[in-house]
Every structure is written in structure tokens, then in C-alpha cells.
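Reviewing the structure listed below.
This structure is a prediction, so every number in the text was calculated from the model and none was measured. Here is how names work: the chains are called A, B, and so on, in the same order as the sequence lines, proteins then strands, and each is numbered from 1.
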Protein chains: 2
Amino acid sequence: MSQAKKILPRLTIDNVIFAYADKQLSVLLIKHGEGRSKGQWGLPGDWLGINESLEERAAISLFDRTGLKNIKLQQLQTFSAVDRYPGKRIITTAFYTLIKQNVQKIKPSDDELAVNWIPVNKVPKLIFDHKVILKHALKHLRTQVRHVPIGLDLLPKKFTLLELQDLYEALLDRSFDKPNFRRKILKLHYLIDCKESIKAGKHRPAALYSFDRAAYKSLIKKGFSFSL
Amino acid sequence: MSQAKKILPRLTIDNVIFAYADKQLSVLLIKHGEGRSKGQWGLPGDWLGINESLEERAAISLFDRTGLKNIKLQQLQTFSAVDRYPGKRIITTAFYTLIKQNVQKIKPSDDELAVNWIPVNKVPKLIFDHKVILKHALKHLRTQVRHVPIGLDLLPKKFTLLELQDLYEALLDRSFDKPNFRRKILKLHYLIDCKESIKAGKHRPAALYSFDRAAYKSLIKKGFSFSL
DNA sequence: TCAAAAGTGTTAACTGTACACCCATGC
DNA sequence: GCATGGGTGTACAGTTAACACTTTTGA
């Protein structure tokens, strides 16, 4: 990144930015355009500045690539193996988040050849230990999904239960029994029945729901155990 | 610590070392003997060396204070707020573990006034953000306890179910129904009935159990959900 | 005989899971 | 009519949680 900031040597952040769209989970990867890793894929990362926390830098780095603000990035782990980076001692702290996929706005910075959403099951070889970091993030995401509600900011304001189920199925890479999924979700009481329905094809119209933000947020704090 | 090592500036580790003994959960704290934090309590920490990972330094630091080797420390999180350390920019990575309390062997290093096991509900004011780190660790430990087996290396080779229950109750700071606890644990099939019993006071002797190491380790991988 | 901890049994409420089946729509 | 996804009912197995009860010991 070509920012006018004083950086701390040796310290970086790497963001694992998952995105959901079209029943598919992808991750943001960049193709390096300079230096020894030219032409290779890796996670979007950045140097830590002297006057910012890791969290702050991770958020700025996310904004630079996607234009998104106020997204909560979760700190995953710090990777500090002596030989993780060729030739230099670089320690990185990994963050991750899950957002709605937006193809238009992403852009590479000066020293990058490309920035792309890559489906998680089609990720190419990555530089350094980035594959390890990605796997770690995915595991964390999948655990998370079963303990706090998700979907806010990922689905349209009003959505059907099937759309929510599609999201869960994409994230966890498995399918759920429809009737049981409905009941399980509805019993958590974080959805509001919009009392509307949407016609979509040659079948019964689906009821629309929206998130009850208060209930949603309190469920984040309390947590639950979603099995199915 | 007065080690002959080249350190990386700005980077430290802090260990949250929990210990169990006498139905009580304690944490290892040190009283600083030099510098601006003289006389104050804090978590045992150390500078990261140029030729070691954070994990390696955390393990060495644990060994220095307790004489314990081959203890798996879990990385918790990295704390990097710009103002977390007065006057300097210091970034720390926190680790935690849970061991059997051993009062004899712990020793302060040259620049420390004291090293002590302090019961977790009697922790004094701590320096910097160490109280936040400790709370974070405790929360993590309590989550952990409900998803993987614990007790190996904390209880004697042969132990009663009540001793195991005491451990759980101390860690989670609550009590369990004895009959239900028994059944719940036994159904996980990671205990071996030693076919012995121990007389301890004016009541029926208790059956002794030991851990089935293979089952125990495979349960760590598989995980479970312990509610009660 | 009594207290104390060890250990068994029983029940009611709730969950997980599978799957049968009806509903509303477009073609 | 019938295919398609939307949605309800049900039934069995297993789990949770509370608590009554019996057992074995030492004093």
C-alpha cells in the first residue's frame, strides 16, 4: 500500500474477508504485482502504522479494498513462526469478517495485479502461510455461525426463510431439513414476520421476514447452540 | 528477565497461567520490583526474541517461572491499543494455560518482588490492560471447559468422580447435581473404572477412575457440548 | 443410630431428527 | 393436472433437570 504513514517494522495484518452471494461463500484474494511474490495470490494485508492498533489498520485496509466502513473485523490469531516469511522476520495478525459480496467496488492498489472474490473451495496456492490462515478463519467462521445469529447485512432487508437457509448451507457446506430449520430459527425469536409474501416462480409465495435488531444483538451477547 | 537474547523491540508475550488446587482456581501473578510499575501486580510477561516464535517465548517464560515443560499454551489474542502501555508502543500477545498448582517451585526473577498464585476472585488491581487480558482468558477457559475434556495433569492418576466434579465446579464457579454429573461424564466414555475404591472418612468408599488417554485425546479433537 | 458422601432410579419437560403430507402458484 | 417450493403435523429417540431414594462407611 502506498500510504503516507510511519510504519512499525516487522508487523503486518492480514484480512480474511469472506463474502456471501448467490448461495456461495467466497474470499477476497489479491494477486501481487511486485517483488518476490509477483503473480502469486495472497490475502490482502498491510503494514501496521505507528499510531494505530491492529484493529484500526485492519479496518482501514478493508476500506481501501472494498469501500466498506463500520464492519467489525474479528481478530483471529497472530502468526509469528520465525520462517513464515522468506528472508525477513515478519509477524502478522490475522482478522476476518463476513460481508455481502460486492463485485463492483473492489479495486487493487498500485502494487497489485488483481483483487478478486474466489469461492472458498476454489482457492489457488497462496503465498507464505496464508493458506493456513485461511483455513483457520474458515473453521472459526463455521464455529461462530453456530453460536451467534448471522445474516444481518448479508441478506436483503426482507427475506424468505429459504434464503436464510441457503446462507447457512453455503457457510457450513451442508444441507438442512427444511421444516426443522424453520422451526429452529423461528424459536430463536430474532425474526419479524413482515406479513408480506413474495411471488417467485410457479409455487406458493414465501413469507418475508426481517431481523429484529434488538433481539439479534442481544442474541449475539447471549449466544446459543445451533445444531441441526 | 535477564536472558542473553536479542529481543525484538515493542513485542512481548503475557501468560495467563491458571492453576487448580484445593477446589480453587488461581492465576500466577508477579509483583514488579523495578521501573514505573514497581510494587504493582501484573501477569508474567517477557520480550520476544529475534529467533523465536511467540509460542516458543511463552513456553520458555512459563518454564522460567514454574519449571514446567511441555505444557501447551493457547494463544488468546494480541493487544495493540496505542495507549495500552504508558510512554512506549508495546504490543503484547496473550497466552493461557491451566496447570496443577505447585507452590514450591515458583520463583521470581531478578527484577520481581514476588510471584504468587492468587485465587481468581481475589485478584488485585493489575498494571496496564492486564485485567482485561485476564478476564478474556477466564472467559475463554470457561468456554473451553464445556467443549473438550479437562482434568488430565490436574487430578491425581486415580481420582473419584467427586474430585472431577469439584474441578468443574471451581472452574465454572457453580455447582452441579451429583447424580446428573456422574452420568453425563460417564457417558462420554473417557474414564476407566479402576475397580478400586478409596476410603475417605465416615462414608461409603468412592470408586476410583483414571483417564482413558486415547479416548481423552480423541475427544479433544472431536469436541462435545457439555451443558448441565 | 446417625451423619455424610457414594451411588441408583424415576419422572416430566424439552430437543433433535426424520419424514409424511397439505398448500398455493404457474404452466 | 402436476411440478415446485412453501409450510404444518407428528412421532420416536434421546437429553436435561430435579429430586427421591438406597448403600456403605466411621463415629
Distance check needed: [N] [atom2] versus [X] [atom1], whole Å only.
X: B:Phe224; N: C:dG16; atom1: CZ; atom2: C1'; result: 20 Å
X: A:Leu162; N: D:dT8; atom1: CG; atom2: C1'; result: 15 Å
X: A:Phe159; N: D:dG5; atom1: CZ; atom2: P; result: 20 Å
X: B:Leu186; N: C:dT8; atom1: CG; atom2: P; result: 9 Å
X: A:Phe181; N: D:dG5; atom1: CZ; atom2: C1'; result: 15 Å
X: B:Glu163; N: C:dA5; atom1: CD; atom2: P; result: 13 Å

>> Classify the ring geometry of B:Phe159 against B:Phe211: parallel below 30°, tilted from 30° to 60°, perpendicular beyond 60°.
In response: tilted

> Is the A:His140 ring parallel, tilted or perpendicular to the A:His136 ring (thresholds 30°, 60°)?
Replying inline: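 Judged by the thresholds at 30° and 60°, the geometry between A:His140 and A:His136 is parallel.
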
Any idea which heavy atoms bring [X] and [Y] closest together, and the distance?
X: B:Leu48; Y: B:Glu52; answer: CD1-O, 3.5 Å
X: A:Gly45; Y: A:Asp14; answer: CA-OD1, 3.4 Å
X: A:Ala19; Y: A:Lys100; answer: CB-C, 4.4 Å

> Is the distance between the ring centroids of B:Phe226 and B:Tyr168 less than 6.0 Å?
Replying inline: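 Yes, the ring centres sit under 6.0 Å apart.
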
> Under 3.5 Å, side chain of A:Gln165 to main-chain N/O of A:Phe176, donor-acceptor pair present?
Replying inline: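 A pair under 3.5 Å: yes.
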
N/O donor to acceptor pairs below 3.5 angstrom from side-chain atoms of residues 181-192 of chain A, sequence neighbours left out:
unit_1: A:Arg183; atom_1: NH2; unit_2: A:Asn180; atom_2: OD1; d: 3.0
unit_1: A:His189; atom_1: NE2; unit_2: A:Lys187; atom_2: O; d: 3.4

>> Given the structure, check if the side chain of A:Lys178 and the base of D:dG6 hold any donor-acceptor pair shorter than 3.5 Å.
In response: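 Side chain to base: pair present.
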
> Any luck finding a side-chain donor-acceptor pair between A:Ser61 and A:Arg65 under 3.5 Å?
Replying inline: yes

What pairs of nitrogen or oxygen atoms, one from the protein and one from nucleotides 2-4 of chain D, lie under 3.5 Å apart?
unit_1: D:dT4; atom_1: O2; unit_2: A:Lys202; atom_2: O; d: 2.9

> What string of B, S and - do you get for nucleotides 9-17 of chain D, 5' to 3', if B is base contact, S is sugar-phosphate-only contact and - is no contact with any protein heavy atom under 4.0 Å?
Replying inline: BB----SSB

> What does B:Leu161 touch in the nucleic acid at a heavy-atom separation under 4.0 angstrom: a base, only the sugar-phosphate, or nothing?
Replying inline: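 Nothing: the residue B:Leu161, judged by heavy atoms under 4.0 Å, touches no strand.
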
> Which is true for A:Ala207 with a 4.0 Å heavy-atom rule: it touches a base, it touches only sugar-phosphate, or it touches nothing?
Replying inline: sugar-phosphate

>> Quick check on C:dA6: is either OP1 or OP2 less than 4.0 Å from any side-chain nitrogen or oxygen of B:Arg182?
In response: no

